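Below is one structure; the comments refer to it alone.
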Amino acid sequence: MDLGERLGEVDARIADAARTAGRDPAEITRIVVTKFHPVSLVEQLYRLGVRDVGENRQQELSDKASRISDLDGLRWHFLGQAQTNKARAIRAAASVVHSVDRARLADALESAAEPGAGALDVLLQLNLTDDPKRGGVLPADAETLTEHIIGCPTLRLRGVMAVAPLGEEPAAAFARLRKLADRVRAIAPGATWISAGMSGDFAEAVAEGATHLRIGTAITGPRPVHG
Ligand SMILES: *Cc1c(COP(=O)(O)O)cnc(C)c1O
């Protein structure tokens, strides 16, 4: 199968999962995760109609985004753990930051706003594991962080993001995420997005209400080995 065929097949599976869940496939955004792949892959995806792509490292995001800044309507989603000293570069390149998991990062993104620039769409990343060192805020601290983010005038909190932990049924993890998303939305009514689901578990994520899927290898094929 070539890239276009894999993309078409994944989109068909997303549509199936949506219909099975009684949802409209049109309310789901499929983000193609292009990390470690050359920028030429993003250009190929763009020609196939893809407008949402994801990266998890600031340097790679910045390099790729600047090399193809002429592609109209292409949106870069930043998915990785972010250091506060990279906030300015991330804000300059990304349309959406999925990985806001602490107040200091929200503050750094806030103060990186260029005068007159529009608001930055952000998601609150939740840690669904028991390991506090993994990316994401612990569920017990989600409400405090929600309050903090909505206090940042140039950030627009759109919803939540999470990665299903290894060693747990993804369906169970995404069900917990959905409940946490409800708690965030009770404070921030505009926070309606749920970014969840990767190549191996996007159908389960759709069943639990995911609005944004982050799909890499199922579309791109294996990632090149990275040094
Ligand atoms: C790499 C990555 C993905 C995509 O993973 P695949 O298994 O290749 O679909 C999704 N989300 C995040 C945060 C990632 O880093």
Side-chain angles (χ1 to χ4, degrees), residues 1 3 5-14 16-17 28-39 41-42 44-45 48 50-65 75-83 86 90 93-102 105 109 121-129 131 133-137 158-171 173-174 176-177 180-181 193-227:
M1 272 203 285
L3 183 65
E5 288 166 338
R6 288 193 301 267
L7 180 67
E9 193 196 83
V10 165
D11 284 350
R13 287 167 57 200
I14 294 169
D16 276 349
I28 296 169
T29 301
R30 173 259 298 123
I31 299 159
V32 183
V33 181
T34 51
K35 64 187 183 204
F36 301 178
H37 287 281
V39 76
L41 182 86
V42 182
Q44 253 183 296
L45 287 163
L48 292 166
V50 170
R51 292 296 176 271
D52 291 277
V53 292
E55 290 287 335
N56 74 339
R57 305 211 261 186
Q58 174 271 320
Q59 189 64 56
E60 193 175 345
L61 166 73
S62 298
D63 287 349
K64 288 180 180 173
R75 285 176 295 272
W76 293 94
H77 295 251
F78 184 72
L79 314 172
Q81 298 219 31
Q83 291 168 273
K86 301 292 167 58
I90 292 168
S95 298
V96 186
V97 176
H98 289 233
S99 44
V100 177
D101 61 358
R102 58 202 192 278
L105 177 58
L109 289 167
D121 285 336
V122 300
L123 302 179
L124 181 155
Q125 183 181 354
L126 285 153
N127 180 353
L128 299 179
T129 75
D131 178 357
K133 288 189 294 295
R134 303 299 293 262
V137 67
R158 303 307 301 259
V160 298
M161 179 273 226
V163 176
L166 296 172
E168 180 183 1
E169 280 298 317
F174 294 142
R176 285 193 287 131
L177 175 62
L180 292 165
W193 298 4
I194 298 178
S195 167
M198 317 195 332
S199 291
D201 56 20
F202 65 80
E204 290 89 340
V206 168
E208 290 296 340
T211 62
H212 290 66
L213 312 176
R214 310 178 309 268
I215 304 178
T217 49
I219 293 171
T220 63
R223 284 184 273 277
V225 177
H226 212 268

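In each ligand, atom 1 is the first atom listed, and ligand 1 is the first ligand listed. Being a predicted model, the structure only gives us computed values, none of them experimental.
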Query raised in the report: What do you reckon, is CZ of Arg134 surrounded by more than 12 foreign heavy atoms closer than 6.0 Å?
Result: no

Query raised in the report: Counting only heavy atoms not in Glu168, do more than 12 fall under 6.0 Å of its CD?
Result: yes

Query raised in the report: Looking at atom 10 (C) of ligand 1, what's its closest protein heavy atom, distance included?
Result: Met198 SD, 3.3 Å

**Report entry** Considering all heavy atoms, the nearest Lys133-Gln81 contact
**Finding:** O-NE2, 4.5 Å

Report task. Determine, using heavy atoms of His98 and all atoms of ligand 1, whether some pair is separated by less than 4.0 Å. Result -> no

Query raised in the report: Hey, does Leu41 have a side-chain heavy atom less than 4.5 Å from the side chain of Val32?
Result: no

Report summary line: for atom 14 (C) of ligand 1, nearest protein heavy atom and its distance come out as Lys35 NZ, 3.0 Å

Query raised in the report: So which bit of Thr217 gets within less than 4.0 Å of ligand 1, heavy atoms only: side chain, backbone, both or neither?
Result: both

Query raised in the report: Among protein heavy atoms, which sits nearest to atom 6 (P) of ligand 1, and what does the distance come to when rounded to 0.1 Å?
Result: Ser199 OG, 3.5 Å

Report task. Measure across Ala82 and Arg102 and return the closest heavy-atom pair with its distance rounded to 0.1 Å. Result -> O-NH2, 2.8 Å

Query raised in the report: Is there a nitrogen or oxygen of Ile215 sitting under 3.5 Å from a nitrogen or oxygen of ligand 1?
Result: no

Requested in this report: Specify the protein heavy atom at minimum distance from atom 12 (C) of ligand 1: its residue, its atom name, and the distance to 0.1 Å.
Outcome: Arg214 NE, 3.8 Å

Query - Option from His77, His98, His212, Arg158 for which side-chain hydrogen bond (donor to acceptor under 3.5 Å, both in side chains) with Ser195 holds - result: His98

